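Please read all numbers here as calculations on a predicted model, not as lab measurements. These values consider heavy atoms only, across backbone and side chains, with no hydrogens, waters or symmetry-generated copies.
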Amino acid sequence: MIREIVFATHTQGDIVAERIVLAYSGGLDTSVAIGWIAEKTGAEVIAVAGDVGQGGEDLDTIRQRALDCGAADAVVVDMKDEFADEYCLPALKANSLYMDKYPLVSALSRPTIVKHLVDAAHQFGASTVAHGCTGKGNDQVRFEVGINALAPELKCIAPVRDTDMTRDKAIAFAEANGLPISTSKRSPYSVDQNVWGRAVETGILEDIWNAPPEDCYEYTSNPAEKREADELVITFDKGVPIAIDGEKVTMLQAIEKLNERAGAHGVGRIDMVEDRLVGIKSREVYEAPGAIALITAHQELENVTLERELARFKRGVEQRWSELVYDGLWFSPLKDALDVFLEESQKHVSGDIRLKLQGGRAWVTGRRSDSSLYDYHMATYDAEDQFDQSLAKGFVDIWGLPSKMAALRDSRVV
Ligand code: ARG
């Protein structure tokens, strides 16, 4: 319980105050948490909010609200480029899809925010970091495990989980204290979004037989609507998307442009039942048009440029990497080591991929690379064939020898 936590004391002149850094979203729960935490602990609350491309209100508005809700100070950070370059890009190099489907939207933003929470805690001399997660999800794990991996001395608290800050109590608190936040606006879903995608859960989606209604979606148009196909060329350099249709882009711009163009064709809608780390199976609806378009293109460029054994081994690494990141282990020794492997694997992943977008799908229609391992003279069945088929006979015999010997043994020994 929160009262049992012993807070480090921060001295500033003759003012003595404990400080707690709060991951602040600007929404009802974390706005209430500012005063709620201050009341329960007597600590000063420093709000930290970040822009990871979630859209909506600007950072100044969010900062002012934090102060109006009683924060001792508020830090707002534009994290968009950092999020794209340091979190989404590694996920692209890993073709990261948890359970072969989910491009880790929320799982990538949490470590980004964690870094800034820890920085703020150090800057303000705080003893504790607070977040607004419940006790049922993955995000509590990502925050707390991440914070302690970067700063083992910091404590973590979660008012919703640890001090019974229910929705009804939060609304009552906001109204009693006249907080400048709407208590009536209730979305039918719980949503978390950033530039890499959008996660939608709860409400009518909790009956897993219900199809997701069209109002779930914001990043994608209905793929059933008829639209002329779009076609584009993505240029990669060592696994990094550097141009679209010949125009230079940053990672952030690449995602944003593809969110628009692939989103217009309904690309990247995902409806799945997912294994959470806390043991619950949950129904999740995602939309990640840019992420899915980029992964589709990147995967195909790897098919052309990665040597077979590297490609096969990498698939296992990709899955393990995705599970580590999903499970809140972004800052961990195995993840760091796999990153080195992934980086090394990208040294020939350069070239162009042509993608077509239509009817909810992004598919590759062309590939071209100076580092291509595709050799026309090896592949062709035409006259220019340079593959020596006479070598194949001996190869096949020797390749099949172990299983043939085993079959002979099995016919001898029952
Ligand atoms: N289930 C996803 C994950 O753990 C998304 C969680 C998003 N949170 C939300 N409030 N919708 O990564």
Sidechain-backbone polar pair: T380 side chain, Y376 backbone, donor-acceptor under 3.5 Å:
no

Could you state the interatomic distance from SG (C156) to CD1 (I147), rounded to the nearest 0.5 Å?
4.0 Å

So, do R142 and V114 sit near enough that their side-chain heavy atoms are less than 4.5 Å apart?
no

Should the ring pair F395 and W399 be called parallel, tilted or perpendicular, given that the plane angle runs from 0 to 90° and is split at 30 and 60?
parallel

So, taking the atom named CG in L89 and the one named CD in Q346, what distance separates them when rounded to the nearest 0.5 Å?
8.5 Å

Test side-chain contact (heavy atoms from CB on, under 4.5 Å) on T365 and E231; report intermediate values, then the result.
CA-CA 9 Å; T365 60; E231 202 171 53; 3.5 Å; yes

Dump the intermediate steps for side-chain contact (heavy atoms from CB on, under 4.5 Å) on L334 and L324, then the final yes or no.
CA-CA 8 Å; L334 178 55; L324 289 169; 3.7 Å; yes

Tell me whether Q299 contacts the main-chain N or O of T296 through its side chain, where contact means a donor paired with an acceptor under 3.5 Å.
no

For the pair R315 and E318, find out whether any cationic side-chain nitrogen is under 4.0 Å from an anionic carboxylate oxygen.
no

Under a 3.5 Å threshold, yes or no: a donor from one side chain and an acceptor from the other, between N95 and E302?
yes

Between D215 and Y189, do the side chains contain an N or O donor and an N or O acceptor separated by less than 3.5 Å?
yes

Compare all side-chain heavy atoms of D51 with those of F83 and state whether any distance is below 4.5 angstrom.
no

Taking the side chain as every heavy atom from C-beta outward, state whether E287 and Q193 have any atom pair closer than 4.5 Å.
no

Can you check whether V195 reaches V52 side chain to side chain, under 4.5 Å on heavy atoms?
no

Any donor-acceptor pair under 3.5 Å from N210 side chain to I204 backbone
yes

Do R269 and Y217 meet the cation-pi criteria used here (NZ or CZ under 6.0 Å from the six-membered ring centre, within 45° of the axis)?
yes

Minimal non-hydrogen separation, A293 against L355, with atom names:
O-CD1, 3.5 Å

R261 vs D245, test: salt bridge (Lys or Arg N to Asp or Glu O under 4.0 Å). Steps then yes/no.
CA-CA 12 Å; R261 285 175 74 174; D245 292 334; 3.0 Å; yes

Trace of the salt bridge (Lys or Arg N to Asp or Glu O under 4.0 Å) decision for R312 with E309
CA-CA 5 Å; R312 287 180 175 176; E309 296 310 313; 3.6 Å; yes

Would you say CE of M405 has more than 12 non-hydrogen atoms from neighbouring residues, nucleotides or ligands within 6.0 angstrom?
no

Short question: side chain of E44, backbone of A72 - any donor-acceptor pair under 3.5 Å?
no

Drop me the distance from Q140's CD to L277's CG, to the nearest 0.5 angstrom.
9.0 Å

Carefully, step by step, assess E343 and K93 under the rule salt bridge (Lys or Arg N to Asp or Glu O under 4.0 Å).
CA-CA 8 Å; E343 198 51 44; K93 289 175 178 172; 2.9 Å; yes

So P223 and H265, do their side chains get closer than 4.5 Å, heavy atoms only?
no

R65 vs C69 side-chain heavy atoms within contact, under 4.5 Å:
yes

Would you kindly say whether S390 and D388 are connected by a side-chain donor-acceptor distance under 3.5 Å?
yes

Over all atoms of both residues, closest heavy-atom pair of I280 and K136
CD1-O, 3.7 Å

Over 60° means perpendicular and under 30° means parallel, so classify the ring planes of F313 and F341, tilted if in between.
perpendicular

Give the ring-plane orientation class for H131 versus F143, where under 30° counts as parallel, over 60° as perpendicular and anything between as tilted.
parallel

Looking at L258, is its backbone amide N or carbonyl O close enough to the side chain of E260 to form a donor-acceptor pair, meaning the two atoms are under 3.5 Å apart?
no

Flag the pair K356 and D230 as a salt bridge only when some basic side-chain nitrogen lies within less than 4.0 angstrom of an acidic carboxylate oxygen.
no

With no hydrogens and no angle check, do the side chains of S96 and S322 hold a donor and an acceptor under 3.5 Å apart?
yes

Student check: side-chain heavy atoms of N138 and E274 closer than 4.5 Å
yes

Determine yes or no for a side-chain-to-main-chain donor-acceptor pair under 3.5 angstrom, with Q386 supplying the side chain and H377 the backbone.
no

The test is side-chain contact (heavy atoms from CB on, under 4.5 Å); show your working for Y374 and R367 and say whether it passes.
CA-CA 10 Å; Y374 176 87; R367 41 317 248 161; over 6 Å; no

Look up atom CG in L301 and atom CZ in R368, then write down how far apart they are to the nearest 0.5 Å.
11.5 Å

More than 12 heavy atoms of other groups within 6.0 Å of D370 CG:
no

Could you state the interatomic distance from CD1 (I46) to CG (L117), rounded to the nearest 0.5 Å?
12.0 Å

Can you see whether H348 engages E307 through a side-chain donor-acceptor pair at a distance of less than 3.5 angstrom?
no

Are N259 and W196 close enough that a side-chain donor and a side-chain acceptor fall under 3.5 Å?
no

Straight-line distance of R19 CZ to S127 OG, nearest 0.5 Å:
11.0 Å

Indicate yes or no for a side-chain donor-acceptor contact from R227 to the backbone of A264 under 3.5 Å, with no hydrogens or angles considered.
yes

Under the 3.5 angstrom rule, does the side chain of D352 hit a backbone N or O of S369 as a donor-acceptor pair?
no

Is the shortest heavy-atom distance from the side chain of V145 to the side chain of L329 under 4.5 Å?
yes

Thinking salt bridges, do K335 and D339 make one under a 4.0 Å N-O criterion?
yes

Between E247 and Q253, do the side chains contain a donor N or O and an acceptor N or O under 3.5 Å apart?
no

Checking the side chain of T30 only, and the main-chain atoms of S25 only, is there a donor and an acceptor separated by less than 3.5 Å?
yes

Would you sort out whether L294 and I234 count as a side-chain contact (heavy atoms from CB on, under 4.5 Å), showing the intermediate values?
CA-CA 8 Å; L294 281 166; I234 308 177; 4.3 Å; yes

Any salt bridge (charged side-chain N to carboxylate O under 4.0 Å, His left out) involving residues 22-36? Give me the pairs, sequence neighbours left out, ordered by first then second residue.
D29-R167

Does the pair E144 and R161 meet the rule for a salt bridge (Lys or Arg N to Asp or Glu O under 4.0 Å), with working shown?
CA-CA 13 Å; E144 296 182 25; R161 180 194 65 192; 2.9 Å; yes

Only counting residues at least two apart or in another chain, list the ones meeting side-chain hydrogen bond (donor to acceptor under 3.5 Å, both in side chains) with K226.
none

From the options R198, K101, R276, select the one residue that forms a salt bridge (Lys or Arg N to Asp or Glu O under 4.0 Å) with E284.
R276

For the salt bridge (Lys or Arg N to Asp or Glu O under 4.0 Å) test, which of D78, D73, D58, D68 pairs with R63?
D73

Using a 3.5 Å distance criterion without hydrogens, assess whether the side chain of D385 forms a donor-acceptor pair with backbone atoms of Y381.
no

Is the ring centre of W330 less than 6.0 Å from the ring centre of Y87?
yes

Would you say the side-chain atoms of N222 and E225 include a donor-acceptor pair closer than 3.5 Å?
no

